[in-house]
Amino acid sequence: MTIDVNDRSSDPAGHAEMTKPPPSSRGSEYAALSREVRQSGLLKRRPGYYSVKVGANLLLLGAGWTAFALIGQSWWQLLTAAFLAVMFTQTGFIGHDAGHHQIAASKRVNNLLGRVHADLLIGLSYGWWIAKHNRHHSHPNHVDRDPDIADGAIAFTQDHARVRSGAYAWLARHQAWLFFPMLLLEGLALHVAGVRALLERTGTATSRTTKLADAGLLTAHLGGYLAALFLVLSPVQAVCFLLVHQGLFGLYMGCSFAPNHKGMPIFAKDDKIDFLRRQVLTSRNIRGQRFTDFALGGLNYQIEHHLFPSMPRPSLRHAQKLVRTYCARHGIAYHETGLFNSYAQVLRHLHAVGGPLRPELEY
């Protein structure tokens, strides 16, 4: 299915397949927008905000583990697991901000904050995630360039779906129905992917040193996490706690990232498109108030975040009006919708991708 990337009304179902991009000869438009944003002061660091944000998050995370220790061997701990799943995701959002150098002016400080929050506090490899996420930001929804739409458990393009067979094809046919249940495994998948990347014996001396730092912090997290569970809880309770905690963590994390690009235009490997349109046309904003900003970690301003990754989280909402006005002035589609509608668009897209594997239906 091909859509006009400048006319979302041509795609009422919200599907997005590979499409030809507009001409790429307008790179100076981003430079003009960037000047407007910089002059507005929206790229300035917000140390006060992040001091309060990081401090409050650490207090709540510590409170969760304190409650875990005080409650002891009890099935009420499953409520603690749910609370800690929320706090792990919120901690991941801070690691995300640090990875984009939004928090401090110093790269070293940002990386330290990122490693503490990702590796030590929630057990995700910071170095692996940074490398993967940077590739995504460079080429969002670009086939063979964006790792977030690579062929995996979920097929994001019909070309990926067509070559599947057996159980893999069955999964693609039903992936819209299975999408949210599969997110329960997202936390585990992120843990495993990070560990696998650390075990690869590749890279420069600097990257190997970085891997060692990540490995040490990940080992400390894993050892402390499992020791806490099996020392405080009975073996059955510990396993149930782990499943609930990691499952809800993956679900929350996946639900926060899924609306950002899934179901938006996908560009073929050799398509050329200027930076401004590449970031805006492939991204989707989520409408909402302060609670949405908190719940989604600022990722609801995905367009502004992709245009200015180092912009501090609290500045994104202020940049939105400027960016939206600029896009309207230059005829660039700016897509924004409600949270539940965004999930509906994602599911319709995933259902359409599996269409070639359902010959009895027409698409």
Side-chain angles (χ1 to χ4, degrees), residues 1-5 7-19 89 92-93 96 132-133 136-137 139-143 146-161 164 170-187 189-190 247-267 278-288 292 295-303 305-306 333-358 361 363:
M1 176 179 182
T2 301
I3 66 174
D4 179 358
V5 294
D7 181 12
R8 294 298 298 174
S9 63
S10 66
D11 183 28
H15 304 154
E17 193 51 63
M18 286 184 289
T19 182
T89 305
F93 290 153
H96 168 270
K132 174 179 178 290
H133 198 61
H136 159 70
H137 265 264
H139 300 282
N141 276 16
H142 212 141
V143 173
D146 182 0
D148 286 0
I149 61 168
D151 190 19
I154 297 291
F156 292 107
T157 71
Q158 290 189 348
D159 286 342
H160 288 159
R164 294 191 173 193
W170 181 90
L171 183 61
R173 283 199 301 271
H174 300 90
Q175 62 183 9
W177 296 98
L178 296 173
F179 179 68
F180 286 108
M182 289 174 66
L183 288 182
L184 293 169
L185 299 174
E186 180 66 12
L190 291 172
L248 292 180
F249 167 53
L251 180 65
Y252 183 9
M253 183 76 78
C255 286
S256 300
F257 282 89
N260 301 339
H261 303 281
K262 307 301 183 283
M264 295 302 289
I266 295 175
F267 297 116
R278 184 193 315 158
Q279 304 301 337
V280 175
L281 297 177
T282 59
S283 301
R284 177 194 292 112
N285 275 18
I286 305 300
R287 285 192 294 267
T292 306
L296 298 182
L299 298 176
N300 46 313
Y301 302 106
Q302 192 67 196
I303 294 173
H305 171 59
H306 261 257
Y334 182 104
H335 192 66
E336 184 178 29
T337 189
L339 180 62
F340 293 108
N341 189 44
S342 73
Y343 292 139
Q345 291 179 27
V346 171
L347 295 178
R348 284 195 290 266
H349 170 62
L350 295 179
H351 185 72
V353 166
L357 301 176
R358 297 189 298 272
L361 301 178
Y363 288 87

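These numbers were taken from a predicted model, which means no experiment stands behind them. Keep in mind that the numbers below use all heavy atoms, side chains included, and drop hydrogens, waters and symmetry copies. In this chain, numbering begins with 1 at the start of the sequence shown.
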K.L.:
If we ignore hydrogens and angles and just use 3.5 Å, is the side chain of Asn285 paired with the main-chain N or O of Ile303 as donor and acceptor?
P.N.:
yes
K.L.:
Hey, is the main chain of Ile154 close enough, under 3.5 Å, to the side chain of Gln175 for a donor-acceptor pair?
P.N.:
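No, the answer is negative, given that no donor and acceptor are paired below the 3.5 Å cut-off.
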K.L.:
Going by atom types alone, do Asp146 and His136 pair a side-chain donor with an acceptor below 3.5 Å?
P.N.:
yes
K.L.:
Step by step, would you call Asp151 with Arg164 a side chain to side chain contact (heavy atoms under 4.5 Å, CB included)?
P.N.:
CA-CA 10 Å; Asp151 190 19; Arg164 294 191 173 193; 2.8 Å; yes
K.L.:
Quick one: closest heavy-atom pair of Ser256 and Phe93, and the distance?
P.N.:
OG-CZ, 3.5 Å
K.L.:
So Leu350 and Phe156, side chain to side chain contact (heavy atoms under 4.5 Å, CB included) or not? Walk me through it.
P.N.:
CA-CA 7 Å; Leu350 295 179; Phe156 292 107; 4.0 Å; yes
K.L.:
Under the 3.5 angstrom rule, does the side chain of Tyr252 hit a backbone N or O of Ala295 as a donor-acceptor pair?
P.N.:
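Looks like yes, one N/O pair under 3.5 Å.
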K.L.:
Any idea which heavy atoms bring Thr337 and Arg284 closest together, and the distance?
P.N.:
CG2-CD, 3.7 Å
K.L.:
Under 4.5 Å between any side-chain heavy atoms of Leu296 and Leu339, yes or no?
P.N.:
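Sidechains of Leu339 and Leu296: in contact.
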K.L.:
For the pair Asn341 (side chain) and Gly338 (backbone), establish whether a donor and an acceptor sit closer than 3.5 Å, ignoring hydrogens and angles.
P.N.:
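Side chain of Asn341 to backbone of Gly338, a donor-acceptor pair under 3.5 Å: no, none is there.
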K.L.:
Give, for atom NE2 of His174 and atom CH2 of Trp170, the distance between the pair rounded to the nearest 0.5 Å.
P.N.:
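Answer for the NE2-CH2 pair, His174 versus Trp170, is 5.5 Å.
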K.L.:
State the CG-CZ distance between Leu178 and Arg173, to the nearest 0.5 angstrom.
P.N.:
11.5 Å
K.L.:
Which of parallel (below 30°), tilted (30 to 60°) and perpendicular (above 60°) describes His137 and His96?
P.N.:
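Tilted, since the angle between the ring planes falls between 30° and 60°.
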K.L.:
Looking at Phe180 and Cys255, what are the two nearest heavy atoms and their distance?
P.N.:
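Smallest heavy-atom distance, with atoms named: CE2-SG, 3.7 Å.
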K.L.:
Salt-bridged, Lys132 to Asp148, with N to O below 4.0 Å?
P.N.:
yes
K.L.:
To the nearest 0.5 Å, how far apart are CG in Asn260 and OG1 in Thr282?
P.N.:
10.5 Å
K.L.:
Find the distance between CZ (Phe267) and CG (Asn141) and round it off to the nearest 0.5 Å.
P.N.:
8.0 Å
K.L.:
Check whether any side-chain heavy atom of Gln345 lies under 4.5 Å from a side-chain heavy atom of His335, and answer yes or no.
P.N.:
yes
K.L.:
Hey, could you give me the CG/CG distance between Leu248 and Leu184, rounded to the nearest 0.5 Å?
P.N.:
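One finds 7.0 Å between CG of Leu248 and CG of Leu184.
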K.L.:
How many angstroms lie between CD in Gln302 and NE2 in His261, if you round to the nearest 0.5 Å?
P.N.:
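One gets 3.5 Å once the value is rounded to the nearest 0.5 Å.
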K.L.:
Between Arg278 and His139, is there a donor-acceptor pair closer than 3.5 Å when you use the side chain of the first and the backbone of the second?
P.N.:
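No; judged by distance alone, with no hydrogens or angles, the pair does not exist.
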K.L.:
I'd like to know if the side chain of Gln279 reaches the main chain of Pro140, judged simply by a donor and an acceptor atom lying under 3.5 Å from each other, with no hydrogens or angles considered.
P.N.:
no
K.L.:
State, with a plain yes or no, whether a side-chain heavy atom of Ile266 is found less than 4.5 Å away from one of Ile149.
P.N.:
yes
K.L.:
Does any non-hydrogen side-chain atom of Met182 lie less than 4.5 Å from one of Leu171?
P.N.:
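SC-SC contact between Leu171 and Met182 confirmed.
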K.L.:
Given 3.5 Å as the limit, does a donor-acceptor pair link the side chain of His305 with the main chain of Tyr301, or not?
P.N.:
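No; judged by distance alone, with no hydrogens or angles, the pair does not exist.
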K.L.:
Could you walk me through whether Leu183 and Phe257 pass side chain to side chain contact (heavy atoms under 4.5 Å, CB included), step by step?
P.N.:
CA-CA 11 Å; Leu183 288 182; Phe257 282 89; over 6 Å; no
